[in-house]
Amino acid sequence: MALTGIKMFQGLSNMELARVLGRLDKQNRPAGSLLFRQGDPGDGMFIIQSGKVQLSMETADGSSQPLAVLGEGDILGEMALLTGESRSATALTSTESVLFVMDKEIFEKLIMEQPTISAYFISLLSQRLVQTNDRLQVSNEAKDKWILQELDQYSGEMRDILCACSLLPRMNRKLLFALFKGDSAENLLDHIRKGSEFFTLEPSPAAMPEWTVNAAAKPALLGLWKTIRTDEQLDEWLDQAADSWISDSEWGKAIELYAVNERWEAALNLAAQAPETDDGYRYLDPCPATLLFAKFNVLDRYLRYCAARQREAGFTKVQQALENSPMPFTLDQRVVLYEIGAEICQQLDRKVKALEYLSMAEALASSLSDRTAATGEAEERAYRAAKQKMERHKTNELASKANHLLKNRSWSIVICVLVVAFSLGFFHFSPPFGGLSRQGMDFIGIGIAAVALWIVNLVADYLVALFMAMFWVLGDLATPEIALSGFSSTTWLYMLFILAFGAVITKSGILFRLSLHALKRFPSNYRGQLWGVVAGGALLNPLIPSSSAKVTLGVPIARTLSDSMGFKDRSDGAAGLGLAAMVFYGFTAPFVLTGSYSNVMAFGLVDGVKQPSWFQWFLYALPAFLIFTVLILVFLLLKFRKVSSAKPISQKVLDDQLRLLGKLTKQERVTVLTVVGSILLMIAQPLHGLDNAWVMLLGFAVLVATGTLDSQTLKTGMDWTFLIFIGIAFSFAEAAKQLGIIEALSSFLGEHMSMFLSSPMLFLAAVMGVSFLVTLVVRDDPALILLVIATIPLAEQAGVHPWVLVFVVLLCTDPFFFAYQSPTYLTAYYSAEGKSFHHRQGQWVALGYAAAVIVAVMASVPYWQWLGLIK
């Protein structure tokens with residue numbers, strides 16, 4: 001039996017099933033194998049893929065009493081995990097069996113990570129509770145017998161009336177006279193007023209008193225009446241009572257009447273007609289989800305009722321609808337659910353969840369704006385894409401919040417505002433110095449103010465860049481053509497196309513498939529899988545131009561591996577695999593042209609030098625990559641050498657994961673062929689002479705023409721704010737050149753750094769040291785831009801080719817000595833929920849990374865001299 005046929009896993013996508021499968025331990029057991037004995041601690045559960053398992057219980061005299069025989073798809077041992085109690089039975093395989101084994105740690109992780117699995121076990125516990133209630137019912141038989149004896153003292157008509165009242169959750173004088181004939185109603189009312197063991201007077205603000213049937217007597221009365229009435233008679237009786245309530249506009253009491261008797265269809269039909277302000281919607285709390293979700297108009301009203309009254313039940317229901325339900329809603333309905341869910345969360349002060357639901361609503365709404373007739377599978381793909389995007393957004397949001405030098409937000413804002421004001425004022429009113437013009441002084445003042453805003457992240461990076469360009473034009477420092485010149489460069493177009501490629505690759509899911517293939521081809525032990533992680537990172541590095549996207553894939557895969565091998569969270573084994581994935585999926589991007597959009601961006605800041613082709617970049621960086629790889633692997637193996645004995649990764653499990661993914665989809669085939677074809681064309685650039693931007697344009701056109709890249713992916717899958725930021729960054733370099741700032745900076749630095757310009761090795765060492773220091777304050781792309789613009793003028797004086805300088809700066813501008821320094825590191829950390837490694841382990845690897853970079857660069861200098869890149 002496949003995993004898809006097991007009830008516990010129903011509702012999971014093939015991708016999610018493949019990830020779950022990687023965490024399970026698959027075992028072949030011969031007939032007669034003991035799985036566990038009665039009284040053993042509950043440390044794991046079993047899922048039967050094939051074969052049979054006999055459950056038995058030991059009796060007081062020592063004999064064995066058979067309980068059940070379980071077969072394909074059945075689960076055993078789960079209650080001991082859920083309750084923490086010891087095994088209640090003994091389990092033996094009665095035939096040769098294939099079992100999936102899940103230990104307690106993996107079980108708890110899956111419960112937390114997969115709402116569908118969590119919902120399954122909630123349902124299972126509910127069933128067990130029903131069974132327990134059944135046993136309690138037996139103990140109440142004596143009480144019921146006494147109640148029936150009490151009824152014998154009444155006439156047959158009065159007994160019928162008393163039993164009929166057991167269906168009514170509440171009653172009053174008007175209802176009694178509407179349901180019973182004159183004398184019968186008077187007798188019953190008189191009986192109630194005199195005091196009765198069957199009724200209780202309810203405290204009610206209404207002018208008319210209300211009564212309820214006692215909870216202790218109700219089951220016996222109801223049971224007796226059901227034996228003498230058909231279902232049709234019971235329904236007719238309920239309809240009469242409901243009509244009486246409705247005639248008095250008591251919709252809530254009518255809904256309660258049906259809900260208490262579990263006539264849910266009737267209750268939902270009434271709720272669809274009731275005023276939206278009616279209090280009766282609260283009685284729908286226990287309504288089965290399948291029934292409530294099938295009537296979306298009622299679900300909508302119910303959730304809005306909960307939102308208006310800040311009811312926790314509304315949050316539970318909307319969460320179940322959005323996260324545990326196996327796609328019963330259209331995209332339009334999901335948009336509504338996310339919007340109402342956000343409103344409920346806002347009312348309940350769950351602000352993070354409210355933002356998450358709002359983001360999902362916006363993502364789905366934007367997909368609907370371009371959709372004409374998307375149904376079924378198309379809607380499910382759109383929903384899952386939006387959900388995956390939301391998960392990535394949550395990881396990026398956590399990383400962004402941690403990416404601050406100053407943790408006290410108020411003080412950082414005050415300091416930032418003071419620095420901005422001082423910079424603008426000082427450079428505007430001070431006499432020009434260093435050969436700068438008045439315009440050049442203002443340009444530098446605006447630039448420093450922008451850097452301060454980037455450091456504190458008070459305003460979005462792209463917005464700061466746009467304001468900077470606006471001030472250039474308003475201050476007559478640059479013409480609009482110069483201020484926006486970055487957007488007209490082929491490098492900016494190349495950035496646009498490469499981000500589009502990245503969005504398509506991420507959406508297709510091909511990366512997970514390729515990673516599994518890489519792991520399958522290496523030994524199943526810890527060191528073998530460590531090499532598999534390295535190979536997977538190297539294989540995927542050229543295919544997607546985002547370090548953060550790659551670590552978001554690679555680190556969770558490493559965590560799944562460590563779970564499968566039995567490593568505890570943050571143990572040496574888990575940390576070794578997780579940090580290796582982080583380094584080789586994320587931090588090796590500079591070694592390949594298409595490894596990151598930052599590579600293209602950084603070289604785009606160099607004026608008058610043609611960008612190396614893909615093959616040239618690869619050839620220039622190859623020795624450094626080999627040296628770096630060896631050093632990092634040695635460091636990881638030495639640092640995390642205390643790896644406890646682990647279970648080997650089952651090659652059969654990897655095969656099953658790939659089988660679950662199925663054959664390559666059309667989207668995956670087109671994506672792979674287009675990306676590989678584009679890279680091959682870039683490698684062959686010396687033969688055809690096409691610029692990389694036009695090669696990428698051809699690939700972009702293929703993706704659009706085949707429908708692989710649709711308008712929805714273009715809108716929501718690409719970082720347009722980054723493209724705005726980078727367009728202004730390219731304009732910054734051109735404007736600085738026009739104002740003579742580059743020349744003045746080159747002259748100034750040349751005078752004060754002459755000692756470092758005498759030797760290429762000394763110059764590169766200085767560049768690495770300065771890069772490490774600058775990133776303590778300025779991070780990510782702003783740091784890269786500042787360092788390239790500042791040091792490019794010196795590279796020529798030191799005899800260093802611009803590519804070497806850009807390559808070295810790229811390697812040194814994403815260190816993670818401290819967690820806040822590196823967005824890539826933080827993304828890796830949070831993509832595994834902080835469970836693969838802790839920050840202390842990360843800091844050790846940061847030191848190893850810095851040392852490996854320094855050695856790799858210095859050792860590559862003779863090679864670069866041989867190529868003529870260093871004079």
Side-chain angles (χ1 to χ4, degrees), residues 351-352 355 396-434 436-478 483-484 486 719-733 735-736 739 741 744-745 748 770-771 773-790 813-814 817-823 826:
K351 295 181 179 177
V352 174
L355 286 173
N396 294 336
E397 185 69 19
L398 288 170
S400 176
K401 288 179 179 178
N403 189 21
H404 293 296
L405 173 60
L406 300 175
K407 299 302 179 185
N408 189 315
R409 191 69 175 153
S410 299
W411 275 108
S412 64
I413 292 173
V414 171
I415 293 171
C416 174
V417 170
L418 290 175
V419 170
V420 169
F422 175 79
S423 174
L424 293 174
F426 176 79
F427 283 94
H428 182 71
F429 294 107
S430 294
F433 54 80
L436 292 170
S437 63
R438 165 54 54 199
Q439 291 174 318
M441 292 286 288
D442 285 339
F443 186 89
I444 291 177
I446 293 170
I448 292 175
V451 170
L453 290 168
W454 285 333
I455 291 172
V456 179
N457 201 20
L458 181 60
V459 183
D461 288 354
Y462 76 96
L463 199 56
V464 174
L466 285 174
F467 275 118
M468 186 166 61
M470 182 186 74
F471 281 119
W472 295 342
V473 176
L474 294 179
D476 201 25
L477 310 181
L484 301 176
D719 192 347
W720 288 99
T721 59
F722 171 76
L723 284 168
I724 293 173
F725 169 80
I726 208 58
I728 302 297
F730 291 153
S731 302
F732 184 94
L739 292 171
I741 293 172
L745 181 63
F748 175 79
V770 170
S771 298
L773 288 174
V774 166
T775 52
L776 291 173
V777 181
V778 188
R779 293 165 302 285
D780 206 19
D781 293 320
L784 180 61
I785 293 166
L786 291 172
L787 285 164
V788 171
I789 290 176
T813 48
D814 206 14
F817 306 119
F818 302 99
Y820 75 86
Q821 279 184 280
S822 171
L826 289 169

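Heavy-atom basis, side chains included; hydrogens, waters and symmetry copies ignored.
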Rounded distance [0.5 Å steps], [atom1] in [X] versus [atom2] in [Y]:
X: L786; Y: S771; atom1: CG; atom2: OG; answer: 11.0 Å
X: L424; Y: I444; atom1: CG; atom2: CD1; answer: 13.0 Å
X: L453; Y: L463; atom1: CG; atom2: CG; answer: 9.5 Å
X: L784; Y: I789; atom1: CG; atom2: CD1; answer: 9.5 Å

Contact between L466 and Y462 at the side-chain level, heavy atoms closer than 4.5 Å - yes or no? yes

For M441, which of L739, I446, L477, L436 qualifies under side-chain contact (heavy atoms from CB on, under 4.5 Å)?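 Considering L739, I446, L477, L436, a side-chain contact (heavy atoms from CB on, under 4.5 Å) with M441 is found only for L436.
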
I'd like to know whether the aromatic ring centres of F443 and F732 sit less than 6.0 Å apart in this structure. yes

For V420 and I448: C-alpha separation, side-chain torsions, deciding distance, then whether side-chain contact (heavy atoms from CB on, under 4.5 Å) applies. CA-CA 7 Å; V420 169; I448 292 175; over 6 Å; no

What pair of heavy atoms forms the shortest contact from [X] to [Y], and how long is it?
X: A478; Y: A483; result: CB-N, 4.5 Å
X: P432; Y: R438; result: CD-NH2, 3.6 Å
X: M468; Y: A450; result: SD-CB, 3.7 Å

Between the side chain of S423 and the main-chain N/O of V419, is any donor-acceptor distance below 3.5 Å? no

Mark yes when over 12 heavy atoms from residues, nucleotides or ligands other than F730 sit less than 6.0 Å from its CZ; otherwise mark no. yes

Does L723 form a side-chain contact (heavy atoms from CB on, under 4.5 Å) with W720? I'd like the steps, not just the answer. CA-CA 5 Å; L723 284 168; W720 288 99; 3.6 Å; yes

Can you tell me how the ring of F422 sits relative to the ring of F426, calling it parallel under 30°, perpendicular over 60° and tilted otherwise? parallel

